[in-house]
Q: 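Just passing along the structure, written as structure tokens.
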Amino acid sequence: MRNQIIKILRQIKQTALDVPKLLWGFLVYSFKKKTPKSAHQSLINLFCLTGGYSNDILSLPISMLHRPYKIHSAKGVLGDFNREQLKDISKRINEEGFYIFENKLPDELCEKLLKFAYTHPATIRGDTIQYASKEIYVPHEPKAVRYDYEQQMLIDNAQVQNLITDKSIIAVAQNYLRAKPVLDVIGMWWHTAYQKEPDSSAAQFFHFDMDRIRWLKFFIYLTDVNDESGPHAFVKSSHKNKGIPRHLRARGYARIKDEEIFSIYDKENVIYHIAPKGTIIAEDTRGLHKGQHVVRGDRLVLQLQFSNHLFGADYPSCKFKNKSEKLVELIAAYPRLYSNYV
Ligand SMILES: O=C(O)CCC(=O)C(=O)O
Ligand SMILES: [Fe+2]
């Protein structure tokens with residue numbers, strides 16, 4: 001009983017510190033367009049404390065201030081969605097934390113991106129890598145567990161520009177976020193069979209993301225993904241409020257071992273996205289997820305992240321150097337959507 005009271009008092013004290021720090025952080029952000037580190041930490045602390053309610057409360061004024069764009073035709077690589085279909089997709093993501101689209105990325109687009117990956121250097125990453133040098137990925141001869149392509153190269157790539165101006169993707173993101181979306185991460189990386197053990201810096205242990213207040217990630221497989229080549233894994237419904245038990249949240253951004261996940265969640269709720277190349281998954285990575293480590297082969301994935309606000313983690317910034325005609329047109333129509341790159 002005494003311990004319980006001490007715990008509650010500690011939580012009250014923590015909240016009393018984190019709420020003003022967060023609000024102060026918003027004020028600083030509105031002037032500097034940069035979040036103070038301590039305010040981002042408070043966002044994480046409050047998530048750990050409330051299990052997600054804090055993010056939902058913060059999202060309310062954002063939704064009111066940045067009401068969704070009018071998108072006339074939500075047509076593109078994912079399909080041609082009407083309002084009801086968009087609602088259904090959001091409902092499924094709200095329920096399960098992810099949605100796998102029936103439509104795949106056309107082969108031609110996958111091939112072009114794959115060719116880009118085979119011909120451009122990427123930064124190698126891994127727990128054992130001392131120097132983040134740039135290397136061209138050679139299949140069967142990996143030099144690290146992960147190869148990350150530079151965002152600047154990606155945003156200027158014609159295929160990537162095709163995807164970030166795709167109305168079906170934009171509409172799905174906006175519908176889920178319930179606000180004007182802001183595109184804020186464009187990433188592409190290989191996971192390789194470099195090592196037998198999962199790697200922490202390559203996101204191969206279960207974890208939740210908390211870089212933003214609310215966001216949606218699109219994972220696009222550019223290679224066939226089987227059970228050995230590193231499927232993306234997600235714990236169904238763990239993105240919901242209190243979907244992650246308090247004792248796990250209490251550890252903050254910690255990486256969680258599989259044994260612990262399976263001791264908490266039913267096996268059938270731990271989903272491994274084994275799927276062919278071109279598969280597109282929308283996921284709320286507030287839930288527990290990871291890239292299963294690769295046993296054989298490799299996996300190339302492209303990721304787009306849309307958030308309801310740029311408050312949060314401070315990513316290195318980059319701006320468009322070349323723009324397709326369509327991108328120029330959409331930047332004018334949806335300035336907030338591309339504000340991070342303009
Ligand atoms: O590579 C993966 O499948 C996981 C990546 C991840 O954790 C993330 O994008 O947030
Ligand atoms: Fe993650």
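Just so it is clear, the model here is predicted, and its values are computed rather than measured. Atoms within a ligand are numbered from 1 in the order they appear, just like the ligands themselves.
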Q: To the nearest 0.5 Å, how far apart are NE2 in His273 and OG1 in Thr279?
A: 10.5 Å
Q: Under a heavy-atom criterion of less than 4.0 Å, does Gln204 contact ligand 1?
A: no
Q: Which residue and non-hydrogen atom of the protein lie closest to atom 3 (O) of ligand 1, and at what distance in Å?
A: His232 ND1, 2.7 Å
Q: Taking Asp156 for the side chain and Asn322 for the main chain, is one N or O donor matched with an acceptor at less than 3.5 Å?
A: yes
Q: Mark the output for Lys217 as yes if a heavy-atom distance to ligand 1 is under 4.0 Å, and as no if none is.
A: yes
Q: Short N/O distance, under 3.5 Å, between His207 and ligand 1?
A: yes
Q: List ligand 1 atoms under 4.0 Å from Phe219, heavy atoms only on the residue side.
A: 9 (O)
Q: Looking only at the aromatic ring of each residue, does the gap between the centers of His309 and Tyr29 stay below 6.0 angstrom?
A: yes
Q: Using a 6.0 Å distance limit plus a 45 degree cone around the ring axis, check whether Arg212 lies over the aromatic ring of Phe306.
A: no
Q: Look at atom 9 (O) of ligand 1 and find which of His293, Gln303, Gln305, Arg146 reaches it with the closest heavy atom.
A: Gln303
Q: At the 4.0 Å heavy-atom cut-off, does Thr285 count as touching ligand 1?
A: no
Q: Hey, any chance Trp189 and Ile124 share a hydrophobic cluster, counting ILVMFWY side chains that come within less than 4.5 Å of each other, even indirectly?
A: no
Q: Are Phe208 and Phe47 close enough that their ring centres sit under 6.0 Å apart?
A: yes
Q: Counting non-hydrogen protein atoms only, what is the nearest one to atom 2 (C) of ligand 1? Give residue, atom name and distance.
A: Arg299 NH2, 3.3 Å
Q: Give the numbers and elements of all ligand 1 atoms closer than 4.0 Å to a heavy atom of Trp189.
A: 1 (O), 5 (C), 9 (O)
Q: Should you measure from each heavy atom of His289, which atoms of ligand 1 turn up under 4.0 Å away?
A: 6 (C), 7 (O), 8 (C), 10 (O)
Q: In Asp209, which N, O or S atom comes closest to the Fe ion (ligand 2)?
A: OD1
Q: Do Asn308 and Leu58 have side-chain heavy atoms sitting under 4.5 Å apart?
A: no
Q: Return the name of the atom in His289, of element N, O or S, nearest to the Fe ion (ligand 2).
A: NE2
Q: Can you see which heavy atom on Lys21 is nearest to which on Ser42, and at what distance?
A: CB-OG, 3.3 Å
